[in-house]
Amino acid sequence: MSVRPAMEAGLRGATPLANLALLGGLVGVVLASPSLVVRSAALGSVLLLAAWSGVPVGSFLRSLRFVLVFAAVLFIAQALSIREGAPLSGGIIRITDLGVLSGAGMALRFLVILSSSFLFVHVVDPDRLAATLIRCGVSYRYGYLLILSLRFVPFFQRELKVVREAQRVRGLRTSVRSLKGIRRAIRYTFVPVLVSGLMRVDSISLSMKGRCFGLYRRRTAPRPERLRSADGIALGSVALLAALAVLAARGGWT
Amino acid sequence: MSSSSVAGIDIRDLRIEYPDRDRPAIDGLTESIAVGETVVVTGPSGCGKSTLCRAIGGFIPEMIPARVGGEITVGGASAWETDSSRIAQRVGYIQQDPDAQICTLRVEREVAFGPENLCLPLDEVNARVDESLAAVGIDHLRRRETTDLSGGEKQRLAIASILAMRPRILLLDEPTANLDPDGAKTLFDLLVQLRETRGMTLVVVEHRIRPLLGMGPRVLVLDRGRLVHRHPRERLDPRDMGLRTDARESRAAGPTGARLLSIEGLTFGYDAPLFRDLTLDLRRGEILGVIGPNGGGKTTLLRLIAGLAEPDAGRVDGPGGDSVGFVFQHPHHQIFERTVTAELAVDGPERRPGEFDRRLAEGRLSGLGGAPPLSLSLGEQRRLTLLTALRRGPDLLLLDEPFIGQDRRNVDWIVAQIRAQCARGGGVILVSHDVPLVGALAHRILYLGEVPSFGPPTDVFSELRAAGRDAFLPGFWGTDG
């Protein structure tokens with residue numbers, strides 16, 4: 001039986017603004033600092049914060065599968081393409097220390113940016129994020145655009161599964177190995193899911209209009225959130241990484 | 001115009017025509033609904049019930065393009081000339097599928113959505129959220145994610161979010177279509193309570209009207225956009241209105257002996273077990289009815305039988321592949337082609353000249369062979385998906401809620417196909433919330449609930465009666481059990 005993390009666990013208890021600052025801080029640090037130590041520390045922070053927030057490390061890594069594969073491809077491509085530096089291997093495939101360091105740096109940067117974004121999505125309640133953005137002056141229409149987009153993600157996943165099962169029941173095979181196959185796959189999959197989506201959009205539009213959405217230029221904003229210890233930890237993590245980046249720059253760390 | 005109708009709903013010679021339709025959706029309807037009155041609107045699919053609700057709510061033609069004539073006034077304001085958001089402060093509209101009208105991700109945010117749009121002070125918003133959640137009895141769910149709620153809970157949330165707007169009139173469009181009998185019973189009780197405590201005007205579109213008769217409603221029967229019967233509250237009998245099929249006449253001959261499907265020790269679950277150690281069998285010529293609460297595993301059982309899911313334990317021995325026909329709950333999931341004829345051809349070309357025409361005639365779809373399937377009405381789409389499932393000549397026919405949103409003629413047609421399938425020596429597993437119909441049609445019933453029960457209808461209903469599950473007894477919905 002799966003156990004869902006408590007709503008307030010770890011970063012989930014922090015305000016969306018603190019989480020946004022954490023995301024911005026992590027991305028800023030890995031873009032600004034060329035140091036592998038700093039980038040590794042940033043990646044370690046993301047994993048630690050994910051575990052603290054009740055995001056199971058296994059499922060977190062599974063959701064990053066594609067990112068991990070792509071990071072490995074980046075590393076290998078860099079290591080193979082850079083010829084400068086001291087050679088680590090001879091023969092036809094020449095690998096240099098500079099190539100390995102450059103590849104590792106690029107892969108780490110990619111991993112930190114993507115994994116911190118995944119963590120943000122895992123821990124931030126879109127309703128609270130939208131409310132925060134609205135309080136910060138963003139039009140509430142855009143805030144609700146975000147919420148509705150996220151509301152549709154599980155819906156489309158569910159619909160896709162049902163349509164694929166319907167295809168199996170009818171004995172329909174879809175293949176993307178030929179142009180004809182791609183056209184068939186689009187028609188047999190995309191069209192039913194799109195129809196469901198459009199029906200859902202119609203219903204939600206009526207529902208929103210039926211509750212006066214858009215009647216006034218402004219709408220009541222929920223009460224601002226209080227700061228908690230989780231906010232301190234999020235902002236403290238950013239401060240520590242920034243300090244580490246400064247030290248690395250001064251000390252000339254790799 | 002009486003003073004009561006000024007604050008209620010007045011409809012005068014209403015005519016609504018959608019573009020590209022050959023006849024008006026509403027054709028010359030005149031009716032007045034007084035404040036505090038309960039009106040049930042019923043009639044066959046496509047008769048204009050939902051159109052009427054949407055017109056009263058001010059959504060036609062503002063959001064749904066249509067040519068309109070006549071007049072609707074709600075609380076004295078013309079629905080044609082008033083913005084639907086203004087009407088929404090007097091009229092709350094609850095759609096058929098509660099899941100399709102939830103805009104936010106948390107229960108209390110959903111209820112606060114309307115009052116926040118009205119720019120009410122925050123304290124007032126919070127007071128309305130508390131009051132509305134308490135009114136529908138889901139105060140304990142306020143911090144839950146909306147995606148985690150059951151169908152019945154979502155329906156209550158939809159009502160709470162409308163109540164928070166404090167409307168005087170509530171329009172409910174087939175509110176029980178997606179609810180299990182328990183959920184439907186609870187909803188009807190809630191409507192009684194709202195009418196008595198708040199004096200609300202209720203306009204309810206429903207096929208299953210018997211449980212509403214206790215509220216003493218006026219019943220309007222529409223057909224092809226016209227008001228064909230107006231039943232005052234003192235003369236109400238669903239049979240007089242032609243609303244129920246007499247399923248007793250439809251019971252198929254019965255099992256012929258040979259075993260078609262055998263399920264032994266079946267166990268399956270997601271986060272928690274849906275069912276454990278389930279054992280049953282189905283014989284040729286037999287109809288097995290499956291009833292039970294939402295989320296009880298009825299659809300999952302069909303998926304396991306069709307081989308679309310793997311059991312955690314136990315085994316399913318029965319026909320597979322082309323020998324199983326599976327009709328899903330929503331027809332559009334199973335429609336893939338551009339024309340009705342092409343849809344039939346998905347399961348193979350014509351076996352003899354004129355086969356498709358004959359099948360379309362059987363399904364009352366004559367002349368629609370070249371039409372895009374998704375342009376058909378819900379009833380026509382349902383008939384098409386059943387035709388395609390039957391075209392493969394399956395030994396086993398799996399039907400998941402085939403009667404939702406279907407009028408009497410369609411229900412009769414589906415029942416006839418079920419009987420024919422049994423007469424051919426095939427088997428049918430029928431999942432449905434329509435307990436009277438299942439009770440009358442099925443040779444054996446499986447109740448998938450807290451304590452599963454399997455056996456002849458009389459035995460299963462006796463057990464459910466003893467367990468106090470009145471809403472799962474046919475008598476509650478209109479026929480004796």
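Bear in mind that the values here come from a model prediction, so they are computed numbers and not experimental data. Proteins come first, then strands; the chains are lettered A, B, ... in the order of their sequence lines, and each starts at number 1.
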*Between L148(A), I147(A), L206(A), V195(A), which residue shows the highest count of heavy-atom pairs closer than 4.5 Å to chain B?*
L206(A)

*If you draw a 6.0 Å radius around CZ in F190(A), do more than 12 non-hydrogen atoms from other residues or ligands fall strictly inside?*
no

*Do you know which of C212(A), A166(A), S205(A), P192(A) has the most heavy-atom pairs with chain B at a distance under 4.5 angstrom?*
C212(A)

*Has F156(A) got more than 12 heavy atoms of other residues, nucleotides or ligands less than 6.0 Å from its CZ?*
yes

*Could you verify whether a donor N or O on one side chain and an acceptor N or O on the other, from Y140(A) and E116(B), lie under 3.5 Å apart?*
no

*Parallel under 30°, tilted from 30 to 60°, perpendicular over 60°: which one fits the rings of F213(A) and F113(B)?*
parallel

*Do other residues, nucleotides or ligands put more than 12 heavy atoms under 6.0 Å from the CZ atom of R86(B)?*
no

*With a 4.5 angstrom heavy-atom cut-off, could you sort out which part of V191(A) is near chain B: side chain, backbone, both or neither?*
side chain

*So, the side chain of R211(A) versus the backbone of E110(B): is there a donor-acceptor pair under 3.5 Å, distance only?*
yes

*May I ask you to decide if S203(A)'s main-chain N or O and Q95(B)'s side chain share a donor-acceptor pair within less than 3.5 Å?*
yes

*Check whether I335(B) gets within reach of chain A through its side chain, its backbone, both or neither, counting any heavy atom under 4.5 Å.*
backbone

_Heavy-atom pairs under 4.5 Å with chain B - which of D202(A), V193(A), V201(A), V162(A) has more of them than the others?_
V162(A)

*Do the side-chain N and O atoms of R219(A) and N117(B) include a donor-acceptor pair separated by under 3.5 angstrom?*
yes

*Would you call R200(A) and D97(B) a side-chain contact if the rule is heavy atoms closer than 4.5 Å?*
yes

*Quick one: what part of D173(B) sits under 4.5 Å from any heavy atom of chain A, side chain, backbone, both or neither?*
neither

*Not counting sequence neighbours, which residues clear salt bridge (Lys or Arg N to Asp or Glu O under 4.0 Å) with R392(B)? List them please.*
D322(B), D347(B)

*Contact origin within P167(B) toward chain A - heavy atom pairs under 4.5 Å*: neither

*Drop me the distance from L215(A)'s CG to S84(B)'s OG, to the nearest 0.5 angstrom.*
9.5 Å

*Between A88(B) and G210(A), which heavy-atom pair has the shortest distance, and what is it?*
CB-O, 3.1 Å

*Thinking salt bridges, do D99(B) and R158(A) make one under a 4.0 Å N-O criterion?*
yes

*Taking all atoms of both residues into account, what is the closest heavy-atom pair of C103(B) and I204(A), and its distance?*
SG-CG2, 4.5 Å

_Among R164(A), E165(A), K161(A), the one residue meeting side-chain contact (heavy atoms from CB on, under 4.5 Å) with L308(B)_ = E165(A)

*Does any heavy atom of chain A fall under 4.5 Å from the side chain of I102(B), the backbone, both, or neither of them?*
both

*Given that the side chain runs from C-beta out, which part of F326(B) has a heavy atom under 4.5 Å from chain A: side chain, backbone, both or neither?*
both

*Check for a donor-acceptor pair, side chain of R170(A) on one end and backbone N or O of Q334(B) on the other, with a separation under 3.5 Å.*
yes

*Output the option from G114(B), G307(B), C119(B) having the highest count of non-hydrogen pairs under 4.5 Å with chain A.*
C119(B)

_Minimum-distance pair of heavy atoms, taken over all atoms of F336(B) and R187(A)_ = O-CG, 3.8 Å

*Decide side-chain contact (heavy atoms from CB on, under 4.5 Å) for R109(B) and R128(A); before the verdict, give the C-alpha distance in whole Å, the side-chain angles of both, and the deciding distance to 0.1 Å.*
CA-CA 10 Å; R109(B) 303 292 318 131; R128(A) 289 169 61 200; over 6 Å; no

*Between R54(B), R338(B), M63(B), which has the largest tally of heavy atom pairs under 4.5 Å with chain A?*
M63(B)

*Which atom pair, heavy atoms only, marks the closest approach of V346(B) to Y188(A)?*
CG2-OH, 4.4 Å

*Residue A130(A) versus chain B: region with a heavy atom under 4.5 Å*: neither

*Using a cut-off of under 4.5 Å for heavy-atom pairs, which of E337(B), E62(B), Q96(B) has the most such pairs with chain A?*
E337(B)

*Evaluate the side-chain contact (heavy atoms from CB on, under 4.5 Å) criterion for residues T147(B) and F155(A): first the C-alpha distance (whole Å), next the side-chain angles of each, then the deciding distance (0.1 Å), finally the verdict.*
CA-CA 10 Å; T147(B) 47; F155(A) 168 75; over 6 Å; no

*asked:* Under a plain distance cut-off of 3.5 Å, with no hydrogens placed, do E159(A) and H333(B) share a side-chain donor-acceptor pair?
replied: yes

*Which heavy-atom pair separates T220(A) from V125(B) by the least distance, and what is that distance?*
CG2-CG2, 4.2 Å

